[in-house]
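First the structure, in the form of structure tokens, and then the observations on it.
Quick note on labels: first sequence line is chain A, next is B, and so on, each numbered from 1.
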There are 4 protein chains.
Amino acid sequence: MHREHTGRRRNEAARQDILDAAAALIADPAGAAVTVDAIAARAGVGKQTIYRWWPSKYAVMLDALLERARADVVETGDGTLAGDLTAFLVSSFAGAERGRAFLTTAAGLAQSEPAAREMLEQFTRRRREALRGLLERHGVTDPGLLVEQAYGVLWYRLMLSHEPLDRGSAERLAVLLTRQAVI
Amino acid sequence: MHREHTGRRRNEAARQDILDAAAALIADPAGAAVTVDAIAARAGVGKQTIYRWWPSKYAVMLDALLERARADVVETGDGTLAGDLTAFLVSSFAGAERGRAFLTTAAGLAQSEPAAREMLEQFTRRRREALRGLLERHGVTDPGLLVEQAYGVLWYRLMLSHEPLDRGSAERLAVLLTRQAVI
Amino acid sequence: MHREHTGRRRNEAARQDILDAAAALIADPAGAAVTVDAIAARAGVGKQTIYRWWPSKYAVMLDALLERARADVVETGDGTLAGDLTAFLVSSFAGAERGRAFLTTAAGLAQSEPAAREMLEQFTRRRREALRGLLERHGVTDPGLLVEQAYGVLWYRLMLSHEPLDRGSAERLAVLLTRQAVI
Amino acid sequence: MHREHTGRRRNEAARQDILDAAAALIADPAGAAVTVDAIAARAGVGKQTIYRWWPSKYAVMLDALLERARADVVETGDGTLAGDLTAFLVSSFAGAERGRAFLTTAAGLAQSEPAAREMLEQFTRRRREALRGLLERHGVTDPGLLVEQAYGVLWYRLMLSHEPLDRGSAERLAVLLTRQAVI
DNA sequence: CAATAAGCGAGACGGTACGTCTAGTCTTATA
DNA sequence: TATAAGACTAGACGTACCGTCTCGCTTATTG
């Protein structure tokens, strides 16, 4: 690993290396411990460089986490409620499945770290609003609980039952929610 | 603090003291650190007595947590699907709201601690089976996703949106899920 | 391992098993830790049976140690000073070499345990007196330092230089001490 | 207690503070337990700093011990064998008498702790070599057993007979050993 | 012969220390 | 002046061991 020094300006490459290292450790299938020393070593960076720019280990982890989860998943279907909802859920489930390690780690942190909680709340609120917008465009009245049902299943599987977020489940859920919706 | 020795049998009083101490520290408003030494000291117990019966600090915490949440919530309603489901959800929401701090702490732990994960999974599985049993008794076919939606909303509010688990929401959710049900 | 109960009288077989187990652990070439649990397990005895009869682990060890080292080593030679001294030292060296593990353990304990110190002092005093008697029988005047030189070499090799206590050294030492002796 | 940080180089002041703290605890007349936590606390040091540089508690204790006994005792006499040997032994006996508590503690440890044994062996070997050098400079052939007798008497009195290491004994021992010597 | 007394094997317990691990701070030397 | 390196303080973790305690059993002794 080689990286040019940048003298007295913040070294952007080092910042990226740190986030990459943190992300790699979080997603490590062997379950490597996410320690500051490990992040620093993997990034080829001194610990001080981490603490110069982030206030704590959790801040680094969250930063890495959110960077990964930012990819927006909204897809559109055939223009019917059932079709659009199915497309949305299928793509959401697939994205969550891909980012499983990141999302569960972030949500775990958020239960004890106020900073993490706030960032995650903002992240999930944006997602809820996307789904709520979709439902309202189709004329669904009072879509609040419906949104919670959809994301509830998604997160419940991520964090508690650890069941897979497969395409079939997304499609069946879309059917049920469509049946329930009042237009 | 005095406690009778029980010789070569496990000392049930010590077990209870340990769980009480752990719960007290977790719920401590002053934010005392939940350390094994602190639990042992508060329970008047040697550390080894903790590690003899639990594999890690997190196992103790979860055990304490779940004991608090164990108050079983299965209430029955008027014998109709809508009535029984409403009664179940209202009581579940109320219980979860009361044990909010415990449940979120437990679920947070479970995201990083395998031991905690396993115990929580067992806990939630029992709850799911209770609800699934209720639905099956009313002839609902394929109740899996209904169960996940119910608990999904509950945990989503606990951990991510932090909205209250009030009676009104439980009642409205029961109505919606009844509408989804295929008999 | 089976051993008859003896009812309300002390079980002599258990006492012996305990001392044997302690001795075996002390002499273990693999360097097994001499713990009370290990002694009890190896003797097939409850820990309480040990503590009923000895006040501490060190008391047990010392008891086992002294039992082993009691074999008296005084041999006689051809009746000349040189011959008798040689015989005495050769047999002393051989005995110390055989009981090396016991003697060093006992002397190590004695540096910190007053009880061990006292017992060892008594043990070594008897040995010194045996050698002093031999020398006096041969008309050596003022044999005090000579005795210390002989046992000094023996214990120095046991505890500090860890050199072997071989027959050749004993013989050469006897020659030197004879040369030095004033009759 | 204040101590400058030294960045990425070993902090020599911390090393000295640790050895001082260990020595103080060993010599404590109140019989304070020599624990690593106590050493660390008294030295104002984290435990890790101790374990970074010494493999075990006993290594620290021995290091502290030997540092105290390192005052080199080689004195020269009048240039004759008898004179130089007398000077050497008198000064060695006096030093050993002063460091009695340290030396017996160290030797006691060394009987059960391999790390301690190794360091003490190195320490005593250096002493033996000093005396052997002195004897060889005076043309003594095969001085091995003479050296062992000298240090044998010294340690025997320290550890087993607990007799004083007075000047008179040193002088008489020098005479006897001179008488033994073959030139 | 029943009742009692004590020794025994087992093993949980309170306590204390060990040696390891990690977070976050600090200093040096380099670029 | 930012950085890599890595030593440092602080303190929790999980393990090992000591000496105490109780249980349930067995065998002698006593009444």
| request: Report the distance from atom CD1 of A:Ile26 to atom CD1 of A:Ile39, rounding to the nearest 0.5 Å. | output: 7.0 Å

| Exam field: side chain B:Asn11 to backbone B:Glu4, donor-acceptor pair closer than 3.5 Å | yes

| said: Distance criterion of 3.5 Å, no angle test: do you see the side chain of B:Lys47 paired donor-to-acceptor with the base of E:dG15? | reply: no

| request: Report the distance from atom CG of D:Asp17 to atom C1' of F:dC8, rounded to the nearest whole Å. | output: 13 Å

| task | Let me know, please, whether D:Ala38 or A:Thr35 comes out on the 5' side of the other along DNA chain E by nearest nucleotide. | result | D:Ala38

| side chain to side chain contact (heavy atoms under 4.5 Å, CB included) evaluation trace for B:Trp54 with B:Arg15 | CA-CA 10 Å; B:Trp54 289 274; B:Arg15 178 185 167 277; 3.9 Å; yes

| task | In whole angstrom, give the distance that lies between atom CD1 of C:Ile39 and atom P of E:dG9. | result | 14 Å

Side-chain donor-acceptor contacts of residues 104-111 of chain D below 3.5 Å, not counting sequence neighbours, with atom names and distances?
residue: D:Thr104; atom: OG1; partner: D:Arg100; partner atom: O; Å: 3.0
residue: D:Thr104; atom: OG1; partner: D:Ala101; partner atom: O; Å: 3.2
residue: D:Thr105; atom: OG1; partner: D:Ala101; partner atom: O; Å: 2.7
residue: D:Gln111; atom: NE2; partner: C:Met159; partner atom: O; Å: 3.2
residue: D:Gln111; atom: NE2; partner: D:Ala107; partner atom: O; Å: 3.1

| query | What nucleotide among F:dC18, F:dC17, F:dC13 has an atom nearest to a side-chain atom of B:Asp37? | reply | F:dC13

| task | From the options E:dA17, E:dC18, F:dG19, select the nucleotide whose nearest atom is closest to the side chain of C:Tyr51. | result | F:dG19

| query | When D:Lys57 is tested against each of D:Leu62, D:Thr35, D:Val36, D:Ile50 for side chain to side chain contact (heavy atoms under 4.5 Å, CB included), which residue passes? | reply | D:Val36

| task | Nearest whole angstrom, please: distance from the C1' of E:dT22 to the CE of A:Met61. | result | 13 Å

| field | Side-chain-base donor-acceptor pair under 3.5 Å for A:Gln48 and F:dA4 | value | no

| field | Atom pair distance, as rounded to whole Å: NE2 in B:His2 and P in E:dC13 | value | 15 Å

| After noting the C-alpha distance and the side-chain angles of B:Gln122 and B:Glu118, does the key distance pass the side chain to side chain contact (heavy atoms under 4.5 Å, CB included) rule? | CA-CA 6 Å; B:Gln122 182 187 324; B:Glu118 196 154 334; 5.9 Å; no

| For D:Glu4 and E:dT27, what is the distance between atoms CD and P respectively, to the nearest whole Å? | 7 Å

| task | Grab the CD1-P distance between D:Ile18 and F:dA10 for me, whole Å please. | result | 12 Å

For nucleotides 6-8 of chain E, list the nitrogen or oxygen atoms of the protein found under 3.5 Å from its nitrogen or oxygen atoms, one pair per line.
residue: E:dG7; atom: O4'; partner: C:Gly7; partner atom: O; Å: 3.1
residue: E:dC8; atom: OP1; partner: C:Asn11; partner atom: N; Å: 2.6
residue: E:dC8; atom: OP2; partner: C:Arg52; partner atom: NE; Å: 3.4
residue: E:dC8; atom: OP2; partner: C:Trp53; partner atom: NE1; Å: 2.7

| message | In whole Å, I'd like the distance from the CH2 atom of C:Trp54 to the P atom of F:dC18. | response | 15 Å

| Value in whole Å for how far the P atom of F:dT20 lies from NZ of C:Lys57 | 15 Å

| Looking at CH2 of B:Trp53 and CZ of B:Arg10, how far apart are the two atoms once the value is rounded to the nearest 0.5 Å? | 5.0 Å

